[in-house]
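First up is the structure itself, then whatever we jot down about it.
Only a predicted model underlies this, so the values are computations on that prediction, with no experimental measurement involved. For reference, positions follow the sequence shown, starting with 1.
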Amino acid sequence: MPLVGVVVLMAAAMGASLVVAEPTSQMNKVEYTIANALVGHDVRDFLGSPFFEVYSPPLRSRYSQVFWKLMDPVPLPEHIIKRYNGSAMAVTGYEVDVVRRVPDPNGTLVDVSVPCYESYNHHFTAFMHGDGLKVEPSSYYKQPGHGLLPGHGLNVEFVPTSDTLYPLGKNSSKTVTPAVQAFNEHNGNEARQSYHGLPRNMVQPIVSPQTFTMGPMQINTKNPDGSGKRGGPLPAESQAPPHADYSGILECPCTTRTHKVADGYKTASSGTCQVPARLHDADACFLAAATLGFGPVSANLTATSPSLPAGCSVRAAPSGLPNAPSVSLEVVFNTLSGSDTQCSTVGDQASRVLARSQSSLVTVGVDIDVHTDLVTLTLTGPADVWFAVGFNATQMADEPWTVVVDAADGPAAVHERHLGNHMPGTSLPSQLTVVANSVNRTHRTVVVTRPLAAKSPSYLSFAAAMSGSSLPFINAVGATQIFGTQKHRQAASAQLSFFGVASKPAASGAMCVCSGGSGTINGRTFNPRCMGEPLSDLLKQHNPTCDINTYRGGLYCCSDGTFILDANQTIPDPVDEVYFKWRFYHVPFEPETQTPLIHLEWQFGHIEYDVPRAPLGTPPDQAIHELTTRFQLRDLMNLYGKPGCNPYNEYYCADVDRVTKSGVRLVMAGAHCHSPACLSVELYNEDTGQLVCRVTSVPGTGDEALNERGYLWLPPCQWGAAEDGLQQPPVLHLDTNLTSIKRVNSTYGHTGVMAIWQARGAYND
């Protein structure tokens with residue numbers, strides 16, 4: 001039962017809690033809607049649940065400064081702690097606002113909502129947890145050199161301090177109730193006007209709740225001239241137009257204060273090495289080719305030629321030399337910086353195709369004679385143990401055609417397998433002819449031939465494989481002489497790069513060698529690892545965010561404490577102070593009638609990306625940039641969840657091993673995308689063609705807080721009971737194929753843009 005008329009205040013300077021019992025009211029003076037309600041039911045409320053409110057500690061910053069860190073924990077109201085001590089609370093929804101706490105004429109602190117053109121919330125992570133847990137930095141970030149940014153870059157772990165677990169109830173096969181919950185759906189500037197209520201009897205339960213913790217990424221966008229109007233100085237890299245309604249610093253443009261250091265090298269088989277990534281002298285070119293480990297090179301050449309890509313490239317050519325391999329690699333540095341020739345690997349006139357692997361556990365060479373349809377494989381590995389190569393795969397789960405070489409002499413030492421998912425798989429009838437099996441001290445080299453075409457789908461078709469510019473492979477080294485059921489000693493993934501060979505070298509095509517796409521930004525490891533198709537078309541689009549040389553802005557240029565102004569711009573003195581204010585709606589957890597929800601999330605190939613500017617003169621309704629991703633339910637669950645996870649202390653626990661043939665029902669789907677240009681995000685069931693959810697941005701129209709012109713919010717999709725005005729929940733299975741398209745206006749360019757589905761679902765037991 002709600003407590004009527006009770007107000008409890010705690011010290012605001014340390015973060016505060018406020019309990020109010022007006023079940024029919026809501027905190028933010030907005031009309032909450034959802035995107036897919038039954039006709040006439042799009043406006044939503046919080047079902048009359050009681051609530052309590054929590055303030056964050058204060059956020060203090062100067063203009064252009066980024067505040068991005070985990071804040072001190074705040075205790076929940078005392079009566080909430082007492083009420084649910086030893087039992088569980090069910091959160092049924094929440095609201096969030098950014099406020100200033102200012103005294104009224106009587107000296108009483110009152111809350112004033114802050115317009116986002118003065119304090120912009122890029123995103124937040126927020127948690128409520130109970131007794132028996134302690135907060136620690138995530139072990140994910142204890143891995144050296146890790147450059148990914150899961151959880152919006154600020155993850156923590158909640159470590160149990162006791163073995164006490166609490167039952168969920170008979171309507172679930174799980175045996176524990178969570179002691180921590182995350183509140184991270186549509187978790188950016190859109191959060192204040194986007195609906196965060198849950199359908200009836202859908203809940204986030206927490207055992208013995210005690211503490212609230214959050215980590216906002218907040219950018220001070222308050223005009224430092226004191227006028228109260230929008231504006232303020234911008235760095236040169238900002239792409240916002242003059243007098244824009246939005247602040248250009250909210251897109252985290254890199255500035256002259258940013259220190260970027262690229263390391264390593266990479267290859268390109270289409271387009272060109274963009275100028276920032278182009279190697280600028282012959283010595284650097286020859287060193288790069290040697291470092292990439294393509295194997296023996298017959299010549300390092302310098303040329304000035306319009307028929308070669310500008311900068312550094314590698315090509316294959318007939319050697320024409322007696323007692324030498326018939327095909328060799330040449331490294332060429334082209335001094336003609338204005339050359340229009342594109343990077344490629346297999347020229348139109350190629351009669352042979354050569355593939356070389358970059359350095360890995362096993363060295364792989366492939367020579368394909370197009371006229372005779374004969375493939376020659378050369379594999380070199382350790383002499384004293386078995387080694388193996390699985391082609392056209394990045395992991396064992398791909399179950400590739402695999403060549404295994406035992407530490408033995410003769411043809412029988414080489415055999416073929418259809419590898420299993422972390423299993424030895426099945427032996428295949430051999431289509432290989434062993435040409436050589438030799439040992440040179442510590443290394444064994446085998447040379448085998450086989451037809452170009454595959455005998456069956458269990459084998460690799462090299463005819464299909466060489467239609468691309470590269471071929472991924474996995475390779476492993478054993479601990480015994482003969483391959484068996486024992487686990488490998490080492491394993492790695494790598495790729496083969498294809499080179500066409502023509503009678504004239506210029507017709508063979510040339511693979512470009514560029515400065516590496518990873519490195520450090522302001523001392524922070526940058527290793528974007530953008531996903532390729534079908535998971536994302538970021539790489540196909542050559543999106544600048546996937547390469548340190550072309551990275552113009554985003555999270556890596558917005559670390560905590562960063563000032564988003566150039567070095568020659570003075571940092572304004574005024575300090576602003578704001579608070580996050582949260583209202584949580586709750587009821588006692590009743591496992592017999594309520595369903596706990598799991599978090600589902602998917603990023604469109606990377607946590608952020610750039611929207612390139614459309615050509616000048618493009619009409620605004622045609623200046624639209626699209627990003628597409630294709631994925632499955634298992635991807636939604638595995639981005640942050642993992643098999644066998646424990647929901648007691650793992651707030652993103654989504655366990656694929658728990659999913660039965662009945663699948664997972666989708667309860668809520670929210671999109672996270674940024675002002676000012678996000679237009680829509682659509683989700684389709686590719687297997688049925690059904691539109692699952694379309695989130696369309698709603699723009700603000702004024703200057704008042706929560707309706708700011710130039711900014712937006714995102715009504716989510718929600719499913720439930722028809723009597724509540726909701727559509728029936730869609731049911732997804734682990735292998736359900738999903739496609740999503742995000743559209744952004746590209747009249748102007750934008751950096752640090754996000755495209756993320758953040759959803760809640762339920763095991764369909």
Say whether Asn184 and Thr125, considering side chains only, have a donor N or O and an acceptor N or O under 3.5 Å apart.
no
Heavy-atom side-chain proximity of Val667 to Pro199 below 4.5 angstrom:
yes
Name all residues meeting the ring pair (Phe, Tyr, Trp, His ring centres under 6.0 Å) criterion together with Tyr748; count only those two or more places apart in sequence or in a different chain, and write none if there are none.
none
Taking the six-membered ring of Tyr117, is the NZ or CZ of Arg230 close enough (under 6.0 Å from the centre) and on axis enough (within 45°)?
yes
Mind running side-chain contact (heavy atoms from CB on, under 4.5 Å) on Thr213 and His129 for me, showing each step along the way?
CA-CA 8 Å; Thr213 306; His129 68 90; 4.2 Å; yes
Distance in Å, Asn189 CG paired with Phe124 CZ, rounded so as to fall on 0.5 Å steps
10.5 Å
How many angstroms lie between atom CG of Asp573 and atom CZ of Arg62, to the nearest 0.5 angstrom?
5.5 Å
Examine distances only and state if a side-chain atom of Asn522 and a backbone atom of Arg524 form a donor-acceptor pair shorter than 3.5 Å.
no
Roughly how far, to the nearest 0.5 Å, is CG of Leu59 from CE of Met71?
4.0 Å
If every non-hydrogen atom of Cys558 is compared with every non-hydrogen atom of Met217, which pair is closest and at what distance?
CB-CE, 3.4 Å
Could you check whether Thr629 and Trp602, counting side-chain N and O atoms only, form a donor-acceptor pair closer than 3.5 Å?
yes
Would you kindly check if the NZ (Lys) or CZ (Arg) of Arg101 is within the cone defined by 45 degrees around the ring axis of Tyr55 and under 6.0 Å from the six-membered ring centre?
yes
Is it true that Tyr585 and Tyr94 have ring centroids separated by less than 6.0 Å?
no
Can you spot which of His123, His122, Gln758 makes a side-chain hydrogen bond (donor to acceptor under 3.5 Å, both in side chains) with Asn187?
Gln758
How many angstroms lie between atom NE2 of His672 and atom CD of Glu601, to the nearest 0.5 angstrom?
9.0 Å
Tyr63 side chain to Glu118 side chain, donor-acceptor N/O pair below 3.5 angstrom:
no
For Lys642, does the NZ atom sit with more than 12 other heavy atoms under 6.0 Å from it, leaving out its own atoms?
no
What I'd like to find out is whether the side chain of Tyr579 reaches to under 4.5 Å of the side chain of Val98, using heavy atoms alone.
no
Could you tell me whether the side chains of Ser119 and Gln218 share a donor-acceptor contact shorter than 3.5 Å?
yes
Just checking, is any N or O donor in the side chain of Tyr609 or Lys742 under 3.5 Å from an acceptor N or O on the other one?
yes
Intermediate values then yes/no, salt bridge (charged side-chain N to carboxylate O under 4.0 Å, His left out), Arg552 and Asp610
CA-CA 8 Å; Arg552 297 184 61 182; Asp610 283 15; 5.6 Å; no
Go through the steps for Val54 and Leu76 under the test side-chain contact (heavy atoms from CB on, under 4.5 Å), then give the verdict.
CA-CA 7 Å; Val54 180; Leu76 300 185; 4.1 Å; yes
When you check the side-chain N and O atoms of Ser740 and Trp757, is any donor under 3.5 Å from an acceptor?
yes
Would Tyr32 and Glu95 count as having a side-chain donor-acceptor pair, cut-off 3.5 Å?
yes
In Tyr84, Phe51, Phe46, Phe212, the residue satisfying ring pair (Phe, Tyr, Trp, His ring centres under 6.0 Å) with Phe584 is Phe212
Quick check: closest heavy atoms across Pro596 and Phe589, and the distance to 0.1 Å?
CG-CZ, 4.1 Å
Side chain to side chain donor-acceptor pair (under 3.5 Å) between His599 and Glu185, intermediate numbers included:
CA-CA 9 Å; His599 178 83; Glu185 289 84 30; 2.7 Å; yes
Cation-pi between Arg60 and Phe67: NZ/CZ under 6.0 Å from ring centre and within 45° of the ring axis?
no
Cys116 backbone acceptor or donor facing Glu708 side chain under 3.5 Å:
yes
Restricting to non-hydrogen atoms, name the atom on Pro643 and the atom on Asn638 that form the minimum distance, rounded to 0.1 Å.
CD-OD1, 4.2 Å
Cys557 and Cys252 SG atoms under 2.5 angstrom apart:
no
Would you say the side chains of Asp576 and Ser61 form a donor-acceptor pair under 3.5 Å?
no
How far apart are the C-alpha atoms of Asp131 and Ser208, what are their side-chain angles, what is the distance that settles it, and do they pass the side chain to side chain donor-acceptor pair (under 3.5 Å) test?
CA-CA 6 Å; Asp131 189 19; Ser208 299; 5.9 Å; no
Exceeds 12 heavy-atom contacts within 6.0 angstrom, atom CD of Glu704
yes
Using the benzene-type ring in the case of Trp, are the ring centres of His674 and His750 under 6.0 Å apart?
no
Distance in Å, Leu565 CG paired with Ser238 OG, rounded so as to fall on 0.5 Å steps:
10.5 Å
Between Phe580 and Trp582, does the ring centroid distance fall short of 6.0 Å?
no
Distance flag, aromatic centroids of His586 and Phe52, threshold under 6.0 Å:
yes
Without swapping roles, check the side chain of Gln26 against the backbone of Asn28 for a donor-acceptor pair under 3.5 Å.
yes
Distance, nearest 0.5 Å, that separates CZ of Arg192 from NZ of Lys581:
12.5 Å
